[in-house]
Structure formats: structure tokens, C-alpha cells
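Take a look at the structure below.
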2 protein chains.
Amino acid sequence: MIVRKGVTAKDVAKLAGVSQSTVSRVFFEGAMVSERTKKKVLAAAEELGYGPNEFARSLITNRTKIIGLVMKGVKNPFYPHVLKEFATAFKRLGYSILFVHTNNDEIQKDDIMTLLNYKVAGVIITDATLSLKVTEDFKANKIPLVFFNRKAGMKDFFSVCTNNYEASRHIAEFLIQKGCEDMVYISGNHDTSTSREREMGFVEVLKKHHVHYKKYTSDYTFAGGYTTGQQMVTENKVPSGIFVANDIMALGVLGALRENGISIPETTKVIGFDNIDMSAWPTNSLTTWEQPIVEMVEQTVRYMMAEIKEYSGVSGNIEVQGRLVERKTT
Amino acid sequence: MIVRKGVTAKDVAKLAGVSQSTVSRVFFEGAMVSERTKKKVLAAAEELGYGPNEFARSLITNRTKIIGLVMKGVKNPFYPHVLKEFATAFKRLGYSILFVHTNNDEIQKDDIMTLLNYKVAGVIITDATLSLKVTEDFKANKIPLVFFNRKAGMKDFFSVCTNNYEASRHIAEFLIQKGCEDMVYISGNHDTSTSREREMGFVEVLKKHHVHYKKYTSDYTFAGGYTTGQQMVTENKVPSGIFVANDIMALGVLGALRENGISIPETTKVIGFDNIDMSAWPTNSLTTWEQPIVEMVEQTVRYMMAEIKEYSGVSGNIEVQGRLVERKTT
DNA sequence: CTGAAAGCGCTTACAG
DNA sequence: CTGAAAGCGCTTACAG
């Protein structure tokens, strides 16, 4: 079949011997057409290479089958993986992904305008934030919005996350059980809910058990983790247990520690968060907390589709559990 | 400014005291409007939160400011990086990215229909292939098509690549100069032009210098490289020089070799291709051939914009050079 | 430089 | 279940 330019419903109608409205109905889900005319129309469409013009369609329905996906950190493999899962899940439902990359933590106005002007069916924001003003725009246009792996600063939104607090408590218990007597938490960017929650859960348990700890502030990148690792060595402050706020940073820490001849897990135990593919590589074999991406994506998609069907604008926060993946660094 | 639903050019026209056509002209690049009315209209638009409806627009112009980007291997960090650069470059030009992920080597029909129905301004295909029939669809619709980092099987297309052949010749010369007397080439998926060209350039030089070599076939993944590395060790056939068709696979090879106590670069020298960020990590420090992503993206964008402006459908192949990045594995 | 009007390709009441 | 007709929000000749 060759899709030709300018083949319209009218052309198909003529060939099939029906009205243009009927052709439209055949391609519009939920409209009433008899099985017989449907077949006739479909055959004609196939012959002419017809596909409905999405723009004409959207002009009327005032909505597209496009989901805007806003992403910042493509350097952390976690996010490309998320992107892939979203693309797959939404494709199955007939939706496409408009990919918006933002360099800044806060999404810029022109990106928002793009999303709004293309009348996207919904917006997913992974590792960026939105100003309150902008979120009003989405609400005013009844465009559902989900924060993925990040809680919105304000109460009024919907987010899907791993239960970072609980996970980090588990991690603390696990490390204590493994015999760690002094610990370090290496944070990601401090303005992220993920980093703060992970710290909170971890620290609470340490305090309860009267375990000494120290916090290093880093930035969710490999380089950041590496630098922090070096710093600990230089300061002669390598503890027996380290919880790093994400895997990519943990790999940096691991690199620095190993380079300095610190034996892992004997001298120091390291645990990350995410369970990115790289963590499973035999050369890394990083113990970590798995974020169940597929489950998180499913939850997001489910909410999104419900909101697309009937907009409610409900806020809330879905938390999935994830699980500890024990490997050779502990 | 809050963008409100249903604010149309008509509303702006009324507020500004002009005709709807004039409002349209203000927002349509290249149309004639006096500076004075333009200001008036812009002020009214700002007040009402008006943005032109992209669909109504596209319905007439029969084109969008959307570029379709088809990508398969998001697990190789090279491609997320490419995605980011494209998103950035096109955003600057006012274009958005429709991200199409394909699981299969060959793009599926429904993905093509999506691209076609959304009347994308152009399509970029990174690591996937297209059937000849489908490319006809694009041609018939005068939609420019670029293969990025892959040459089309057929002659009739436009592609942007690193000069893999020349690069691989350099790599062979370099390894020979470093004293390697027997070599291995580890290929990526064999149906990719990149892997074949890299092999060809490499092998030609080795033959000229009468250097013994062996080829292993792998798949462009870390796991594939790791397995191949293990295999070489098991077969007791670790050579003094290894050229791996891409970095992520080279890291796998490196992992396997190091795990087996093979000292690098003393016993064996390893060189990759791409120069992904990870290769520069101190723990890896992989010597590699850099693909100049930014330059490749620029070339692609330039061709794309020219074709969008005036479609010619010319075929061709732009090859950029790249450069050797020497690190600790050689 | 600006306005009135036609029309892009659909969806969707409204009749029948 | 199907057709004729209105209309979504724009762009673009055509006049003036």
C-alpha cells in the first residue's frame, strides 16, 4: 500500500459509493456503521492509501493522540529506559510521544506553549519541575499532568513514584544487619523530592539505631559520585556502609573506591537506587533498590487514560514498592 | 500569562479592533503587517493568552513543525545522546520531536502511518531500517528522510555518518604502530552498514601489513561484548589488539578481560567506537574513535531544513571524520 | 497594508 | 444505519 498525498475521505467515499460522513464514521471509533459498508469503505481506503488527517480531526475534537513527555536527564540511563517504556505502552493505545527535552530544571515557557498549541492529550514530566503558573495553564485546558519519579512541590498534582521513604528504611536496616557501624548518605540534587525522601527514610532508621552517619551532597551524575568517592578517601573518611541516592552516582563512588584499593564489600558496602541495566553488569554488580519501571509506567498510563476519557484533575500520589536487589557490593 | 482554552484569532481580532486575517498574519512568519498593528495585535494576544492552533494551521499548510525521530536502541547511551542533540537543535528552529520507538530492526507499518498521518515535516531514522515500499510513501508525500549513523540499504537515500571506513583504517594503523601482532575485530549486528564498513577498513589495513586477525560476531550490546570476551579467554585466544565495533560492547569485552586478570593495555589493547560518555569514566578509560555527534546532528538538521524549505529528494551521504581519543586501554 | 470570503479535511448534531 | 450540512480555526488568494 502506498500512502498518497491528498487522499481524503471524499475520495474514498466516491470510490466506495457512500457519503463522506460514512467514511468518517468508519475511521472514528465508536461511531455507528454497518459491518457491510465498513468493509466496503475499508477496501476503498486500502486501495487509495487513505488515512484520516489527524489535524482536521483534532481541529474538531480539540485534542490529539499525542502525549507530551518532558525529560531532562538523558545521561542517566534510567530515563531513556523510562522513555522507551512509555513509548511502547502508549503506542499500544494508539498514542504518540512528543519528546520535549529541557536543559533547565524548570521547564521553559516555549516548551509549554508547544505542548499547549499541539493540544496534547496529556503531559508526563519526569525529572523537571513546573512553575505554579504553568500548571494553571494545563488545568485551564484540562490537560492531565503526571509527575513521574518526582513529587510536585505543590500538593495539587498527580505523581507516580517508588515509595522512597520505605525503600530507604529497608536499605538502612539491611546495611545495619550487614554489620555497618558508620554510614554515609550521598544525596542527589537537593531540590528533588526523591533525594530528600531517600535521605529521610535512611537517616531515621540510623538515628533509631544510634548509628553514626555523615551526608555528602552530590548531583545524581557519575562524575558527582566519583568526586565524592575521592573526597571520602582523601579525607580518610570512608565508612563501612554507603547509600547512594541513585545507581549512576553509586557507580562513580564504586569507581573511586576501587581505584584507591578499597575492597568492596569487605571494607565498605555500597548500595544504590534504581537498578539500571548497568548495575547488573558483572563488572559493577551493584546492590541496589529496584524501581519497577514497567509498573510505574503502567500506573501512569492508567491514570492518564482515565483522565483523558474524563477529566477530573484529581491530585494524588501513587507509590509502588520496588525491591532490594542484592549483588556483590554488599 | 495564562493560556486559555478556546481563545481564537477571532477573539484577538475583536479586542485589537482588526480583522481575523490580520491576526493570522501577525502570527504567520513572512506575512505583511504594519509594525503598528502588529504591536496592537500582540498586546491583545498576550492579554487573552492566545496561541495559534497548530492543527488549523497544518490543515491548510499540509505540514507541521514536527520531526519524526525513529530510534531503536535506547540502551546504547549513544542514542539518547543523539536524541538530546536533535531535540535541542530542532527546538531552536521551532520544531518539535515526535519520538517513535521501534523494537524491530525494521520499522512497522503503524509507526509509518503515525508519521504520515501527523504530516511530519521530516523523518530521521537512527538505528533501524525501512522497507523500500515505505520509503516510497515518504517520497510520494515529499517528506524528507535522513538515515543517521546508518546508510540505507538502497542507494536512493540521504544519510549522515562518520566515515567508518577511514576511521577503521586509522584504528588498524594505530594498533599496528602500538605493536599489536595479532588482532580481533568484534562486529556489531551484521546487517548494519556501520559494522560492515568498520570491518572492511580495519581488515584491509591488516591484510596489507600481513597481520593475522580473527573476527567475532556480536550484537552491539554490553552483554554481547562480555560474552565474546569470555569466549576469547576460554578458547585461549586473547590477541594483542582488539577493535570492537562500538563502545558499549568494548566495555563488555574490557570487563570480561579484566575479570580474567588480563592486563590492559600490557597484554591486550582494546579500542572502541563512538566515544560515549562512559568511555571517559576513569574506571573505563577506553581508547576509542569519537563520533562527533554535534557535527553529525548539525549536518542532518541543515539538510532537513533545506529539504523542508524546498523538497528535492536528493540522495547522498555526508561523512564526517571524527577523531581518535587515546586513553588507557591502548 | 488590510478585510471579506473561500476552503483545508474532518466530526457531529439533525433528519430520515 | 446513512446523508446533507454546519463548523472547527486557521491561511491565502482577491480586492481595495
Side-chain angles (χ1 to χ4, degrees), chain A residues 3-42 44-45 48-66 94 113 116-119 121 141-142, chain B residues 3-42 44-45 48-66 94 113 116-119 121 141-142:
Chain A
V3 176
R4 280 200 213 79
K5 188 184 177 157
V7 178
T8 74
K10 217 169 155 186
D11 302 323
V12 177
K14 201 187 287 178
L15 181 63
V18 297
S19 77
Q20 182 269 129
S21 333
T22 300
V23 175
S24 171
R25 288 194 183 94
V26 169
F27 286 89
F28 191 79
E29 234 176 318
M32 277 176 295
V33 229
S34 75
E35 205 49 49
R36 203 162 145 275
T37 46
K38 190 172 181 176
K39 258 190 200 127
K40 224 168 35 178
V41 169
L42 250 21
L48 296 176
Y50 170 77
N53 183 316
E54 292 293 339
F55 299 120
R57 190 171 256 187
S58 299
L59 187 54
I60 298 169
T61 61
N62 205 32
R63 198 99 320 169
T64 34
K65 292 200 145 199
I66 298 180
M113 285 307 280
L116 252 18
N117 291 344
Y118 277 115
K119 307 255 179 258
N141 287 277
K142 298 193 176 182
Chain B
V3 177
R4 282 202 211 77
K5 188 184 176 157
V7 179
T8 74
K10 217 168 154 185
D11 303 322
V12 178
K14 200 186 288 176
L15 182 62
V18 297
S19 75
Q20 181 268 131
S21 335
T22 299
V23 175
S24 171
R25 288 193 184 95
V26 169
F27 285 89
F28 191 76
E29 233 175 319
M32 276 175 298
V33 228
S34 75
E35 205 49 48
R36 204 164 146 275
T37 45
K38 190 172 182 176
K39 258 191 201 126
K40 223 168 34 179
V41 169
L42 250 22
L48 296 178
Y50 169 75
N53 182 317
E54 292 293 339
F55 299 120
R57 188 171 255 185
S58 299
L59 187 54
I60 299 169
T61 61
N62 206 33
R63 198 99 322 167
T64 34
K65 292 202 144 198
I66 297 179
M113 287 307 282
L116 253 18
N117 291 344
Y118 277 115
K119 307 254 180 258
N141 287 277
K142 300 196 175 180

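Everything quoted here is computed from the prediction, not taken from an experiment.
Residue Lys14(A) holds its NZ atom at 10.5 Å from CG of Leu48(A), rounded to the nearest 0.5 Å. Separation of atoms NZ (Lys40(A)) and CG (Leu15(A)) is listed at 10.5 Å; rounding is to 0.5 Å. In this structure, OH in Tyr50(B) is found 8.5 Å from CG in Asn117(A), a value given to the nearest 0.5 Å. Once rounded to the nearest 0.5 Å, the distance linking OH of Tyr118(A) with NZ of Lys65(B) reads 8.0 Å.
Residues from residues 14-24 of chain B placing a heavy atom under 4.0 Å of any atom in DNA chain C, listed by number, are Val18(B), Ser19(B), Ser21(B), Thr22(B).
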Fill in the blank from the handout: Given Watson-Crick and G-U pairs under 3.5 Å, DNA chain C in dot-bracket ([ ] crossing, | other strand) is |||.||||||||.|||
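Chain B approaches DNA chain D within less than 4.0 angstrom (heavy atoms of the protein), and the contacting nucleotides run 5' to 3' from dG9(D) to dA13(D).
In this structure, Thr37(B) and Leu59(B) both approach DNA chain C, and ranking their closest nucleotides by distance from the 5' end singles out Thr37(B). DNA chain C is contacted by both Ile60(B) and Val33(B); Val33(B) maps to the nucleotide lying nearer its 5′ end (nearest heavy atom per residue).
The side-chain contact (heavy atoms from CB on, under 4.5 Å) test applied to Arg57(A) returns Phe27(A), Pro52(A), Glu54(A), not counting sequence neighbours. Take Lys10(B) and apply the side-chain contact (heavy atoms from CB on, under 4.5 Å) test, not counting sequence neighbours, and it matches Thr8(B). Checked against side-chain contact (heavy atoms from CB on, under 4.5 Å), Ala56(B) has the following partners two or more places apart in sequence or in another chain: Leu59(A), Asn53(B).
Using modelled atom types, one finds no donor on one side chain facing an acceptor on the other under 3.5 Å when comparing Ser24(A) with Ser21(A).
Using a 4.5 Å cut-off on side-chain heavy atoms (C-beta onward), Val26(A) and Thr37(A) make no contact.
The residue from Leu42(B), Val41(B), Val33(B), Asp11(B) that alone fulfils the side-chain contact (heavy atoms from CB on, under 4.5 Å) condition with Val23(B) is Val41(B).
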